[in-house]
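Accompanying notes for the structure given below.
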Amino acid sequence: NAMLVGVGGSGKQSLTKLGCVVSGAVFTQIELTQSFGVSEFRDAIKGMMEMSGVKRVPVAFTLTDAQIVDETFLEDISSMLNSGEIPNLWASDEWEKIIVSMGPVCKDLGVDETRKNCIKYFINLVRENLHVVLCMSPVGDKLRKRCLQFPSLINCCTIDWYTKWPEEGLQTVAATYYKKLDLPEEI
């Protein structure tokens with residue numbers, strides 16, 4: 001899990017997408033609509049958890065600070081970062097569906113297909129395959145307040161700061177790669 005901190009346009013989401021391509025993870029992000037709320041957020045999380053737990057697909061869930069329209073989103077993310085699950089996320093019939101789906105997964109892993117093992121391995125696979133990437137801006141004091149309110153954002157994430165590259169650095173990198181292309185000196 002990662003927290004990428006930088007002003008808008010510094011490349012946080014672009015590098016996350018590139019990292020997903022390189023690592024073979026599925027890039028996911030919520031799409032805000034006017035009626036998007038906690039219920040829709042939790043449904044999106046459920047889908048990602050099923051994909052990463054039952055189907056064992058690596059998933060990178062990217063959440064920007066602009067998408068946090070309700071602080072409950074961060075409460076749920078904090079719980080997921082700490083324990084791999086969100087309390088009261090699943091109804092009992094949904095758990096039964098997951099347990100049935102995890103039977104073949106447990107069998108494939110060489111584990112007894114008990115209810116307890118199915119739940120345990122589902123949570124373990126979610127923790128292993130679902131990666132939360134928070135893209136936050138340091139502007140203002142929202143980030144500071146959120147980190148104080150939800151310490152797992154700091155304790156359970158690798159933090160990477162994105163700063164503006166100096167002009168000279170950008171030109172040096174561009175020139176190095178331009179020379180490798182074997183193109184004319186000037187265009």
Side-chain angles (χ1 to χ4, degrees), residues 1-34 36-53 55-87 89 123-174 176-177:
N1 302 307
M3 181 188 305
L4 311 180
V5 182
V7 294
S10 59
K12 301 180 298 286
Q13 290 182 64
S14 297
L15 285 175
T16 301
K17 289 176 186 175
L18 177 63
C20 287
V21 169
V22 170
S23 68
V26 175
F27 176 86
T28 58
Q29 198 169 30
I30 58 172
E31 294 212 20
L32 290 181
T33 60
Q34 225 171 5
F36 194 89
V38 175
S39 177
E40 291 79 11
F41 180 75
R42 288 186 171 173
D43 287 343
I45 294 288
K46 286 178 187 178
M48 289 178 246
M49 290 177 81
E50 284 184 41
M51 187 185 304
S52 60
K55 297 178 183 171
R56 297 188 279 179
V57 174
V59 176
F61 171 47
T62 305
L63 184 68
T64 68
D65 50 2
Q67 294 170 323
I68 303 169
V69 294
D70 189 320
E71 293 299 309
T72 306
F73 293 7
L74 282 178
E75 189 175 327
D76 289 346
I77 293 295
S78 179
S79 294
M80 196 162 50
L81 290 171
N82 274 323
S83 65
E85 59 182 323
I86 300 170
L89 178 67
I123 293 169
N124 287 344
L125 287 169
V126 167
R127 289 187 71 137
E128 184 179 316
N129 291 318
L130 180 58
H131 309 285
V132 177
V133 181
L134 300 167
C135 297
M136 310 295 263
S137 173
V139 177
D141 64 343
K142 267 189 176 179
L143 177 62
R144 182 182 64 79
K145 287 179 181 178
R146 287 173 171 167
C147 289
L148 288 172
Q149 188 174 2
F150 305 105
S152 63
L153 299 181
I154 294 173
N155 298 334
C156 301
C157 290
T158 299
I159 301 173
D160 194 6
W161 287 82
Y162 285 69
T163 57
K164 185 176 178 182
W165 275 46
E167 188 75 28
E168 182 182 320
L170 288 171
Q171 288 178 354
T172 303
V173 170
T176 301
Y177 285 101

- [ ] Let me see the working for Ile30 and Phe61 under side chain to side chain contact (heavy atoms under 4.5 Å, CB included), right down to the final yes or no.
- [x] CA-CA 8 Å; Ile30 58 172; Phe61 171 47; 3.9 Å; yes
TODO: Output, in order, the C-alpha distance, side-chain angles, deciding distance and verdict of side chain to side chain contact (heavy atoms under 4.5 Å, CB included) for Lys145 and Leu148.
DONE: CA-CA 5 Å; Lys145 287 179 181 178; Leu148 288 172; 5.7 Å; no
TODO: Take Leu63 and Val132 through the test side chain to side chain contact (heavy atoms under 4.5 Å, CB included) and record every step on the way to the result.
DONE: CA-CA 8 Å; Leu63 184 68; Val132 177; 5.7 Å; no
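A salt bridge is defined here as a Lys NZ or Arg NE, NH1 or NH2 lying under 4.0 Å from an Asp or Glu carboxylate O, and Glu71 with Arg146 meets this definition.
Judged by distance alone, the side chain of Ser83 and the main-chain N or O of Met80 form no donor-acceptor pair under 3.5 Å. Here the side chain of Glu50 pairs no donor or acceptor atom with the backbone of Gly47 at under 3.5 angstrom. Side chain of Thr28 to backbone of Ala60: a donor-acceptor contact under 3.5 angstrom is found. Side-chain atoms of Lys12 come within 3.5 Å of backbone N or O of Gly6 as a donor-acceptor pair.
Of all heavy-atom pairs spanning Leu89 and Lys46, the tightest one is O-CE, 3.0 Å. The two residues Gln29 and Thr62 come nearest to each other via the heavy atoms CG-O, 3.3 Å. Between Ser137 and Asp65, the shortest heavy-atom contact is N-OD2, 2.8 Å. Minimum heavy-atom separation, Met3 to Cys147: CE-SG, 4.0 Å. Considering all non-hydrogen atoms of both residues, Ser78 and Ser152 come closest at OG-OG, 2.6 Å. When all heavy atoms of Cys157 and Leu134 are compared, the pair lying nearest together is SG-CD1, 4.4 Å.
Ile159 contributes atom CD1, which lies 8.5 Å from atom CG of Asn155 (distance to the nearest 0.5 angstrom). Of the inter-residue distances, the one linking Arg56 atom CZ with Met51 atom CE reads 15.0 Å to the nearest 0.5 angstrom. One finds the CG atom of Leu81 at 9.0 Å from the CZ atom of Arg127 (value rounded to the nearest 0.5 Å). Distance check, rounded to the nearest 0.5 Å: OG1 of Thr16 to CG of Leu4 gives 4.5 Å. Distance check: Thr176 OG1 to Gln171 CD gives 11.5 Å after rounding to the nearest 0.5 Å. The distance from atom SG of Cys135 to atom CG of Leu15, rounded to the nearest 0.5 Å, is 9.5 Å.
For the pair Val38/Glu75, no side-chain contact is recorded, criterion being any heavy-atom separation below 4.5 Å from C-beta on. Using a 4.5 Å heavy-atom cutoff, the side chains of Asp76 and Arg42 are in contact.
Tested against Leu130, the residues Ile45, Asn1, Val59 include a single side chain to side chain contact (heavy atoms under 4.5 Å, CB included) partner, Val59.
Aromatic ring pairs are classed by plane angle as parallel below 30°, tilted from 30° to 60° and perpendicular above 60°; the pair Phe41 and Phe73 is parallel.
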